Amino acid sequence: MAGRKVASEGSEVTGLHNGRDVFEYALLKVVPRVERGEMINAGVVVYCHARRFVEARTHLDEARLLALDPTVDVEGVRAALGAVEGICAGGERAGQAAADDAGRRFRWLIAPRSTIVQPGPVHTGLTADPTTEAERLLDLLVR
């Protein structure tokens, strides 16, 4: 067992839990009028260190958003959500963040901010497939 950590008698720490990896996620919330404190969930950002994976999935319910604020800039909100997806995707769409690894991009995206699109608190879980997990969380918490 040289070089391996032992979590408890008879079990090794390998990074995998029954074939699943630890992942983190945060909801993306749209807060059209901060002073009112009202918000809708509009996306999720999923990060898995073991797989060097970060991905955002978004879905904007315009009717719900307009019910909170009929004057909200819907196209501006869509652009902000698209920017989050681009940063996660990397490459040209990520702009200056393109050179950053997945973890650094995730941490930057989930940093507290006072813009119309805000990240929620970070939660953790286990997954065998982070892409499927992102879609599951979008269906469960956003759509």
Side-chain angles (χ1 to χ4, degrees), residues 3-8 10-143:
R4 293 197 181 192
K5 296 179 183 175
V6 176
S8 62
S11 76
E12 294 180 20
V13 176
T14 62
L16 290 177
H17 305 275
N18 294 326
R20 299 177 297 166
D21 292 305
V22 174
F23 76 97
E24 299 173 70
Y25 73 93
L27 285 169
L28 296 173
K29 302 174 181 197
V30 178
V31 186
R33 294 181 58 195
V34 176
E35 70 276 9
R36 293 185 61 148
E38 299 169 331
M39 65 188 79
I40 64 167
N41 294 340
V44 62
V45 181
V46 174
Y47 168 63
C48 180
H49 174 75
R51 302 208 185 181
R52 295 179 179 93
F53 174 92
V54 65
E55 184 173 277
R57 296 284 178 98
T58 63
H59 171 80
L60 183 61
D61 185 331
E62 284 187 36
R64 288 183 64 208
L65 180 59
L66 290 167
L68 294 180
D69 182 0
T71 66
V72 69
D73 178 4
V74 174
E75 288 310 309
V77 171
R78 284 197 186 284
L81 292 170
V84 171
E85 291 175 332
I87 290 167
C88 288
E92 280 185 30
R93 289 185 62 198
Q96 290 180 324
D100 293 339
D101 64 31
R104 188 174 176 106
R105 289 188 314 236
F106 178 73
R107 298 284 171 237
W108 185 80
L109 288 168
I110 58 135
R113 59 196 73 213
S114 59
T115 60
I116 194 167
V117 175
Q118 301 178 11
V122 175
H123 305 280
T124 61
L126 297 171
T127 186
D129 182 356
T131 300
T132 301
E133 195 65 42
E135 192 64 29
R136 184 187 77 80
L137 289 168
L138 186 70
D139 287 340
L140 179 68
L141 303 172
V142 178
R143 288 189 179 137

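We number each residue from 1, following the sequence as shown. FYI, side chains are in, hydrogens and waters are out, and symmetry mates aren't considered; it's all heavy atoms of this structure. Remember, it's a predicted structure, so these values are computed and weren't measured experimentally.
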- Message: Test side-chain contact (heavy atoms from CB on, under 4.5 Å) on Tyr47 and Arg107; report intermediate values, then the result.
- Response: CA-CA 9 Å; Tyr47 168 63; Arg107 298 284 171 237; 4.1 Å; yes
Between His59 and Val142, the two heavy atoms sitting closest are O-CG1, 3.6 Å
| Donor-acceptor pair, Arg78 side chain versus Asp73 backbone, under 3.5 Å? | no
Residue pair Thr58 / Val84, side-chain heavy-atom distance below 4.5 Å: no
| query | Is there a side-chain contact (heavy atoms from CB on, under 4.5 Å) between Ile87 and Trp108 once you walk through the steps? | reply | CA-CA 10 Å; Ile87 290 167; Trp108 185 80; 3.3 Å; yes
Just by distance, do the side chain of Arg105 and the backbone of Asp100 share a donor-acceptor pair under 3.5 Å? yes
Residues Arg93 and Gly82: closest non-hydrogen pair is NH2-O, 3.4 Å
- Task: Would you check if Leu138 and Arg143 make a side-chain contact, meaning some heavy-atom pair closer than 4.5 Å?
- Result: yes
| task | Verify, without hydrogens or angle tests, whether Asn41 (side chain) and Leu141 (backbone) share a donor-acceptor contact under 3.5 angstrom. | result | yes
Closest non-hydrogen contact found for Phe53 with Thr131 is CE1-OG1, 3.4 Å
For Ala134 and Val44, the nearest pair of non-hydrogen atoms, with its separation, is O-CG1, 3.7 Å
dist Ile40:CD1 -> Leu28:CG (nearest 0.5 Å) comes out at 11.5 Å
- Item | Side chains of Arg57 and Glu133 in contact at under 4.5 Å (non-hydrogen atoms) | no
Inset, instruction - Apply the test side-chain contact (heavy atoms from CB on, under 4.5 Å) to residues Thr124 and Glu24: give CA-CA distance (whole Å), side-chain angles for both, the deciding distance (0.1 Å), then the verdict. - result: CA-CA 4 Å; Thr124 61; Glu24 299 173 70; 4.0 Å; yes
Item checked: Sidechain N-carboxylate O distance under 4.0 Å for Glu38, Arg64 -> no
### Query
What do the steps show when you test Val34 against Ser114 for side-chain contact (heavy atoms from CB on, under 4.5 Å), and what is the final call?
CA-CA 8 Å; Val34 176; Ser114 59; 5.9 Å; no
Between Leu109 and Cys88, is any pair of side-chain heavy atoms under 4.5 Å apart? yes
*asked:* What I'd like to find out is whether the side chain of Tyr25 reaches to under 4.5 Å of the side chain of Thr127, using heavy atoms alone.
replied: no
Nearest heavy-atom contact between Ala98 and Gly91 is CB-O, 3.2 Å
Do Val72 and Ile116 have side-chain heavy atoms sitting under 4.5 Å apart? yes
Q) Hey, is CZ on Arg52 packed in by over 12 heavy atoms from elsewhere, all under 6.0 Å? A) no
Scanning both residues in full, the closest heavy-atom pair of Cys48 with Val22 reads SG-O, 3.4 Å
The reported gap from NE2 in His49 to CG in Asp21 (rounded to nearest 0.5 angstrom) is 10.0 Å
